[in-house]
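Any value given below was found using the heavy atoms of this structure, including those in side chains, with hydrogens, waters and symmetry copies removed.
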Amino acid sequence: MEVLVYGRIEPIPPERLKYHLVYPSLTDVRLCALHPFPPPAELEANETGCKLQGRQYAPEEHVTIGEQMCGCHRGRASCQPNDSSSCFYAGEWLPDKSALLLRRSCEVLQCNSGNWARSPGDCSFPMLALVGFALRSTALEPKEAAKLEPLPQALRELPGSIRIIARVKANEGQNAEQLAQERAQQVKRWLVRHGVSPEALRVEIERPEIDDGGPPLVRFRFVPQSRASAPRPGP
């Protein structure tokens with residue numbers, strides 16, 4: 001099934017439908033817009049936002065034209081009634097009171113009745129979890145891989161590099177260093193498959209003097225771009 005959403009035809013997943021006899025109805029009628037709102041002819045949508053009468057608007061700014069408010073993202077315009085209290089960002093209209101953290105500028109955007117209010121934000125990097133492996137195994141288990149899921153998006157928002165550090169376990173015998181190296185490479189391959197540039201990742205091996213008796217672990221260290229040296233591929 002498809003529905004008209006602010007002038008765009010989009011599919012609706014089955015879980016958003018509620019069936020009464022043989023006729024489905026949407027469980028959230030706010031998804032629907034009864035009339036499409038095509039962009040006004042005088043509005044130009046380009047890669048850096050909207051342009052109207054010679055003025056360029058940023059991607060998080062909307063333009064009010066008559067009875068419409070329009071936002072532009074990647075060369076496409078999206079318009080809705082100008083009595084809406086939502087705010088435009090990166091191609092989407094977000095509801096009133098929504099908040100976004102812009103890591104590049106260390107700002108928080110708060111939607112306030114249709115306009116973004118800016119305030120200082122915390123752009124520290126999210127806590128990097130330890131990824132564990134079974135003894136004498138290099139398999140990255142799904143529950144451990146799930147700990148890596150926030151990292152690709154966080155790296156896009158706050159550029160820098162990540163050092164992937166695998167600890168050598170003395171009780172794994174003569175293959176301990178090889179196992180540690182392969183565990184770090186497994187983590188690196190996962191991150192690359194999920195959109196992280198290989199140049200942003202560096203693999204290192206840690207050889208502790210005393211074994212703490214815990215499971216084999218891979219840990220991380222984030223190096224912000226401003227303090228990182230010229231990027232170079234990891235091993």
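- With rounding to the nearest 0.5 Å, the separation of CD in E44 from NZ in K51 is 5.5 Å.
- Pairing each heavy atom of L155 with each of G160, the nearest pair is CD2-O, 3.8 Å.
- When every heavy atom of C70 is checked against every heavy atom of C50, the shortest pair comes out as O-SG, 4.3 Å.
- With hydrogens and angles ignored, the 3.5 Å screen pairs no side-chain donor or acceptor of S84 with any backbone N or O of P81.
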List the steps, then state whether side-chain contact (heavy atoms from CB on, under 4.5 Å) holds for C87 with W93. CA-CA 5 Å; C87 296; W93 290 98; 5.7 Å; no
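- The backbone N or O of A145 lies less than 3.5 Å from no partner atom in the side chain of W190, so there is not a single donor-acceptor pair.
- In the hydrophobic cluster analysis, where Ile, Leu, Val, Met, Phe, Trp and Tyr join through side-chain heavy atoms closer than 4.5 angstrom, L43 is grouped apart from M69.
- In this structure, L217 is not a member of the same hydrophobic cluster as L140, with clusters built from ILVMFWY side-chain heavy atoms closer than 4.5 Å.
- At distances below 3.5 Å, not a single donor-acceptor pair connects side-chain atoms of Q80 with backbone N or O atoms of Q68.
- A donor-acceptor distance shorter than 3.5 angstrom exists from the side chain of E61 to the backbone of A58, with no hydrogens or angles considered.
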Using side-chain contact (heavy atoms from CB on, under 4.5 Å), reason through V196 and L151 one step at a time and then give a plain yes or no. CA-CA 9 Å; V196 177; L151 299 189; 5.8 Å; no
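- Considering CG of L201 and CD of Q185, their distance stands at 10.0 Å, rounded to 0.5 Å.
- Rounded to the nearest 0.5 angstrom, F88 CZ and C72 SG are separated by 6.5 Å.
- For the pair E144 (side chain) and F133 (backbone), a donor-acceptor distance under 3.5 Å is absent.
- For the pair Q110 (side chain) and K97 (backbone), a donor-acceptor distance under 3.5 Å is present.
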Test F220 against L148 for side-chain contact (heavy atoms from CB on, under 4.5 Å), laying out the working first. CA-CA 11 Å; F220 307 89; L148 301 171; 3.4 Å; yes
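- I205 and V131 are not part of a single hydrophobic cluster, where members link through side-chain heavy atoms under 4.5 Å apart.
- Residues C79 and P40 meet the side-chain proximity criterion, which asks for heavy atoms closer than 4.5 Å.
- The closest side-chain heavy-atom distance from N46 to Q56 is below 4.5 Å.
- Considering only residues two or more places apart in sequence or on other chains, A139 meets the side chain to side chain contact (heavy atoms under 4.5 Å, CB included) condition with S137, E141.
- H62 has its side chain within reach of N115: a pair of non-hydrogen atoms, C-beta onward, lies under 4.5 Å apart.
- Taking 4.5 Å as the limit, some side-chain heavy atom of L94 sits within range of a side-chain heavy atom of L100.
- Note: the hydrophobic cluster containing V218 also contains V192 (ILVMFWY, side chain heavy atoms under 4.5 Å, direct or indirect links).
- Within 6.0 Å of the CD atom in Q53, the count of heavy atoms belonging to other residues, nucleotides or ligands does not exceed 12.
- For the atom pair OG1 of T138 and CD of Q178, the computed distance is 9.0 Å after rounding to the nearest 0.5 Å.
- Atom CZ of R74 is surrounded by 12 or fewer heavy atoms from other residues, nucleotides or ligands within 6.0 Å.
- Side-chain contact between L109 and R118: present, with at least one pair of heavy atoms (C-beta onward) separated by less than 4.5 Å.
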In a table with atom names and distances, give each donor-acceptor pair under 3.5 Å that connects a side chain of residues 164-172 to protein atoms at least two apart or in another chain.
{"unit_1": "R167", "atom_1": "NE", "unit_2": "E206", "atom_2": "OE1", "d": "3.2"}
{"unit_1": "R167", "atom_1": "NH1", "unit_2": "D212", "atom_2": "OD2", "d": "3.1"}
{"unit_1": "R167", "atom_1": "NH2", "unit_2": "E206", "atom_2": "OE1", "d": "3.4"}
{"unit_1": "K169", "atom_1": "NZ", "unit_2": "D211", "atom_2": "OD1", "d": "2.7"}
{"unit_1": "K169", "atom_1": "NZ", "unit_2": "G214", "atom_2": "O", "d": "2.4"}
{"unit_1": "E172", "atom_1": "OE1", "unit_2": "R183", "atom_2": "NH1", "d": "2.9"}
{"unit_1": "E172", "atom_1": "OE1", "unit_2": "R183", "atom_2": "NH2", "d": "3.4"}
{"unit_1": "E172", "atom_1": "OE2", "unit_2": "R136", "atom_2": "N", "d": "2.6"}
{"unit_1": "E172", "atom_1": "OE2", "unit_2": "R183", "atom_2": "NH2", "d": "2.5"}

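- Contact annotation: the side chain of P215 never approaches that of L135 to less than 4.5 Å [non-hydrogen atoms, C-beta and beyond].
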